[in-house]
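Remember, it's a predicted structure, so these values are computed and weren't measured experimentally. Note that these values count all heavy atoms, side chains included, but never hydrogens, waters or copies made by symmetry.
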Amino acid sequence: MQLRDVWLRLGREVILRGVTLDVPAGQGVTLLGENGAGKTTLLRLLSAGLRPTRGEGRVLGFDLRDSRAVRDAIHLMPVDGGLYPDLTAAENLAFALRMHARAGDVPGALRRVGLEGAAQRRARFLSAGMRKRLALARAHLLARPVTLVDEPFANLDDAGRALVQELLLELRGQGCSLLIAAHEPALAQVVAPRTLRLAGGLLREEARA
Amino acid sequence: MQLRDVWLRLGREVILRGVTLDVPAGQGVTLLGENGAGKTTLLRLLSAGLRPTRGEGRVLGFDLRDSRAVRDAIHLMPVDGGLYPDLTAAENLAFALRMHARAGDVPGALRRVGLEGAAQRRARFLSAGMRKRLALARAHLLARPVTLVDEPFANLDDAGRALVQELLLELRGQGCSLLIAAHEPALAQVVAPRTLRLAGGLLREEARA
Amino acid sequence: MKGALRQALTVAAKDLRVAGRTRDTLLATAFFAGIVLLVLGFALSGGVVSRDARLSAPLAAGAIWTALALAAAVGAQRAFAQEQEAGALEQLLAYPGPHGALYLGKLLGVLPPLLLVAAVTVPTGLVLFGASEAVTVAGRALPWAALALTTALGVLGFAAATTFYGSITVNLRAREALLPALAFPILVPAVLATVQATRLLLEGGWSPEVGTWLTFLTAFDLGTIILATLLFPAAVEG
Amino acid sequence: MKGALRQALTVAAKDLRVAGRTRDTLLATAFFAGIVLLVLGFALSGGVVSRDARLSAPLAAGAIWTALALAAAVGAQRAFAQEQEAGALEQLLAYPGPHGALYLGKLLGVLPPLLLVAAVTVPTGLVLFGASEAVTVAGRALPWAALALTTALGVLGFAAATTFYGSITVNLRAREALLPALAFPILVPAVLATVQATRLLLEGGWSPEVGTWLTFLTAFDLGTIILATLLFPAAVEG
Amino acid sequence: MKRDVTTTVLGAASLLGLAVVLGLSLTSPLDVNQGSLVRLMFVHVPEAWLSYLAYGGTGLFGLLYLIQRRRHWDRLAMASGEIGLLFTLATIVGGMLWAKPTWGTYWVWDARLTTTALSLVVYGGYLLIRSLIDDPERRARVSAVVGIVGTLYVPVNYMAVEWWRGVHQTQTLKLLGGVRWDAAPIYLPTLLLSVASFTLLYFFLLRLRGTLAAREEAREERELTGVTGLEVARG
Ligand code: HEM
Ligand SMILES: Nc1ncnc2c1ncn2[C@@H]1O[C@H](COP(=O)(O)OP(=O)(O)OP(=O)(O)O)[C@@H](O)[C@H]1O
Ligand SMILES: Nc1ncnc2c1ncn2[C@@H]1O[C@H](COP(=O)(O)OP(=O)(O)OP(=O)(O)O)[C@@H](O)[C@H]1O
Ligand SMILES: [Mg+2]
Ligand SMILES: [Mg+2]
């Protein structure tokens, strides 16, 4: 994953003002920054959901503008889950798998995140933490080479947080690169030791606390 | 605030199985529980958004079934903020104030939560943490006698969390009762020392950690 | 009571602000009504303009009111879709005060853009369908005042009925229970009265029959608004 | 290619499952189609218009196809509004594979409920406007098979165009009114072709002229689908 | 600000052409059926032609934008759309004024008339969409798509008189299936000159509006990003 002097404007706001980033394959990076610093925006940019206003980037060697190749390699777990409210938990996972043309053990994944009892419940009726767990199960099932995670620890109980760490560590064990935007440096750094901080539209390396 | 042996069923699920609760006016209570334990559901019940299947409750002496009186006294700050995506931050606050027939210092409240720069931005374009701050500003402006807060610390940076504590403490100082559902006991207990845990549909008193 | 009125106005003002900040909704709705007129004009009249009031009047009345009924339905749908997005509806229902005020607020928010659109659609439709010409050929003047009254009453009726319909469809459980299909017939009286009054006015000017239809329409409007205000709390409650 | 097809089918299957579960789309489309038929039915029946068989055929055709074009617009809008809720649209666009496949998937998901609505609207419209009666009075049988083919082709064309515009308007303000306003003009050739084919079928059964219109309609459908599949990626990309 | 010679020349040439057309048309003989009303043709037809041209331009520039992603094309597409809308309006108003004396009514549900009115809506929608999107890149992309689809509407409008017989004149100058001229030959040169002048006028207006839009955009960009040094007006 590489970014070279990337600028990004949204509406009338300039969010990123020259971000440069190098993440070797398989590395885990924690992304910190204040509310509104632009973490989510940076993740969306990397997942080809937004185009940089200026500058360029590559993911696994593919130019960010080649959105199809990038989308093939990357998975973004958004803050709100990005689930279909009217599909059940199991259907949500099955849908994601089929869109990636992959097979996977949906009941097993649900059991892993403690949702075996809610497999047939619609995502609309899941609690905030359960939705987060479901999104996590999806990220773990898909196991894309580059996985971007937005605030994985929010809304979760202690067991849930440990689970996130466990599953994300497993992903890293499989050789996936991880980029985790979070407000809990201590929790995230267990999984992704390298730490970057986004402030004023610029990215800075930070020593581990 | 009182609940007497309240049962609640949603869909095919029994969420609350005999909850009994007594909160004297002005007290601060932290509500803990696993993901899916029913914290959010309990808060919605107390704000008259749901009706108990069995059992009864009172808020400030009003029966829960008298939804109008209860709604007058209570404010629930939901997980997702419950903001209008197409109103600006300032308009969202002004609308809430007018619905409660109250006057208040909107620009001041926005400054208080660090959103003065985003006052004219639509809520849709605010970051997750900024939306949380906006919802917090609303709860603080309205200052209802009973304020229910669902996961106030999620999505916020460290400064934001300190801000939540500060504003909620102020609310308690004004004599409001607080019920805070959270997964960060340490942070919540600063504001609301009494701690309850919801598990298996039942509420239990918990000693402070 | 005064509080409820203030709330209704607040909700209406909010909806109008969301709609009016960029004139978007207004523009789009007007556009929409215009398009319906054009398409219907072409589809129905098949190239013949008729100077015969007995032919042009029903066409004009039908096209105008189809356009307005659809505009009302779109407006009402929009009004509630807005609330539903991002869980704002639950928050709206949690404000103090009677829930009936919310229905009134929604209705008031839907009405002004609709009346504006109607003020453009009605004359345009009359000209496009040759109804105004047919009337003048017959040596009469267009009964503008009566038409305006009919339009106002009709738009109010459509708005009240479609807003009520919209309030039913936002409720998840109601929507899944085909309840909305049952509520559809409430539109029938409004459509019937408005269309007939317009047609009669175009065909022969004011007559006692028109008066009857307008009285009926007024009764329907009042009835719908009162009934909807009373039923709304039950329709939306969790 | 095969991957794209599989994706399209996956998306369509998902949409159909949701549609079957919430009945949201079906109700909304039926509602709009119902309003058009209702208003036009009341306006045009009973007067001079309905007694003349030469007049009833074009009217029936016009009303039915305006109703269906609208229903298509509403259905397409729902299909994308659904995705938009809870940020699922952004997630959908992030799946690997060509974005054109998503358009096809959405189209396939929109079609079945629409066809269902059409299956009710067409016969209802024919009866309501006296066209079926006029045909039987003339001693002929209604050409059901040809009507069904016309309906299928017409609905396909409507859905193809409105689904495309649905993707454009989904995150704009005032989208409910905007989508039909944008899509309708483009639909006019299709509406005209279906109206003419239906009218001819009602007036005299199958004829080579009907064949010409249906060929035109098929070309329109194919052209729209191909063009939309090609342009869709540009319309939705970040 | 540097003087733009091309624009000036285009403007002067189109004005000159229009003046000559005015002179010619006032001296042209009267038509057997229409009398002096036939002179309206020298305005009406080129106006319609210009609006077709403008719509074609909107689609073409939109396509170019999608391929090259240069904002320049987007500005031209917008300029072209505005010009098209303006001249469609002129065609309709002029046509209605012509219709009153010849057909006895301002408006009929004729195919050509309806499709012309609808093309007004198509490009009204195009401009409406533009006004609804704030982000310039997205605005350019989406409106390019809408513009391309809208352009397909031009052939429908052109063929409308053939497909659905109505009261409006069919093509007097047949272009499809062999060029043919069905009116009194005396009118042809004047009409052709008029069409040519209007074509020049189109390019003049296009350049003018495009330059204006570029300046507007540059100013906006400066306001937004003043200190940050983000490049000004890409493309
Ligand atoms: C509202 C009224 C009218 C509208 C919207 C309208 C629209 C148009 C349009 C768009 C064209 C260009 C299409 C083409 O070049 O084939 C056109 C051409 C033309 N119009 Fe009209 N028109 C109207 C009224 C009239 C009237 C009243 C007349 C004459 C009686 C007329 C005579 C013509 C002629 C002769 C052409 C040129 C056809 C050709 O050479 O191909 N138009 N009109
Ligand atoms: N479409 C948009 N138009 C205008 N401004 C936007 C838009 N999207 C985001 N922003 C602004 O960009 C900034 C960064 O938002 P972003 O969501 O990336 O923050 P974040 O770092 O993820 O914050 P948080 O920790 O609160 O999630 C915010 O100030 C936000 O208001
Ligand atoms: N409408 C509903 N129908 C069926 N089940 C529901 C409904 N609403 C909520 N539930 C279920 O109720 C349970 C409690 O949900 P609730 O949102 O109260 O949990 P919570 O304690 O707030 O969890 P979290 O910490 O994750 O926010 C969950 O298992 C959820 O799936
Ligand atoms: Mg964020
Ligand atoms: Mg919760």
Side-chain angles (χ1 to χ4, degrees), chain D residues 58 62 69 73 99-100 103 160-193 195-197 199-200 209 212-213 215-217 219-220 223-238, chain E residues 55 59 62-69 74 85 88 109-135 137-166:
Chain D
H99 279 157
Y103 166 74
T162 52
T163 305
F164 176 65
Y165 280 103
S167 70
I168 289 177
T169 53
V170 59
N171 37 36
L172 293 180
R173 291 156 275 169
R175 52 178 167 263
E176 281 83 359
L178 201 57
L179 169 57
L182 285 178
F184 264 34
I186 302 301
L187 283 183
V188 162
V191 171
L192 282 170
V195 167
Q196 298 289 15
R199 185 176 57 78
L200 290 170
E209 206 183 342
T212 316
W213 284 119
T215 316
F216 174 80
L217 202 53
F220 176 90
T224 311
I225 292 177
I226 292 172
L227 191 73
T229 311
L230 292 178
L231 287 179
F232 184 81
V236 292
E237 119 204 340
Chain E
Y55 293 155
L63 194 63
L64 284 172
Y65 175 81
L66 285 188
I67 294 168
Q68 298 191 342
R69 304 283 167 146
D74 178 51
L85 200 67
T88 310
W109 288 109
D110 169 82
R112 164 64 58 75
L113 271 57
T114 312
T115 51
T116 309
L118 280 172
S119 66
L120 201 64
V121 176
V122 171
Y123 285 88
Y126 172 82
L127 294 179
L128 188 63
I129 279 271
R130 291 193 69 97
S131 76
L132 289 179
I133 306 179
D134 300 324
D135 178 28
E137 300 284 338
R138 208 169 91 80
R139 186 204 304 139
R141 231 176 345 92
V142 169
S143 60
V145 168
V146 174
I148 291 171
V149 178
T151 304
L152 297 185
Y153 200 71
V154 171
V156 173
N157 184 311
Y158 184 76
M159 293 307 291
V161 281
E162 294 290 319
W163 292 343
W164 302 284
R165 297 235 59 107

- Query: Atom CG in E:Leu152, atom CD1 in D:Ile186: separation rounded to 0.5 Å?
  - Reply: 7.0 Å

- Item | Residue list, side chain to side chain donor-acceptor pair (under 3.5 Å) with E:Thr88, at least two apart or on another chain | E:Tyr55

- Note on the structure: Value for CD1 (E:Ile133) from CD1 (D:Ile168), rounded to nearest 0.5 Å, stands at 8.0 Å

- Taking side chain as C-beta onward, heavy atoms only, is E:Val149 less than 4.5 Å from D:Phe164? yes

- Item | pair D:Val188-E:Thr114: side-chain heavy atoms closer than 4.5 Å | no

- For E:Tyr153 and D:Pro189, which heavy atoms make the closest approach, and how far apart are they? CE1-CD, 4.4 Å

- Message: Does any part of the side chain of D:Leu231, heavy atoms only, come nearer than 4.5 Å to the side chain of E:Leu66, both counted from C-beta?
- Response: yes

- Test side chain to side chain contact (heavy atoms under 4.5 Å, CB included) applied to D:Ala161 - qualifying residues, sequence neighbours left out: D:Leu187, D:Thr224

- Query: Heavy-atom distance under 4.5 Å to chain E: side chain of D:Tyr165, backbone, both or neither?
  - Reply: side chain

- Message: If I compare all heavy atoms of E:Val145 with all of D:Ala234, which pair ends up nearest, and what's the gap?
- Response: CG2-CB, 3.9 Å

- Item | Atom pair CD1 (E:Ile129) and CG (D:Leu182), whose distance is rounded to the nearest 0.5 Å | 4.5 Å

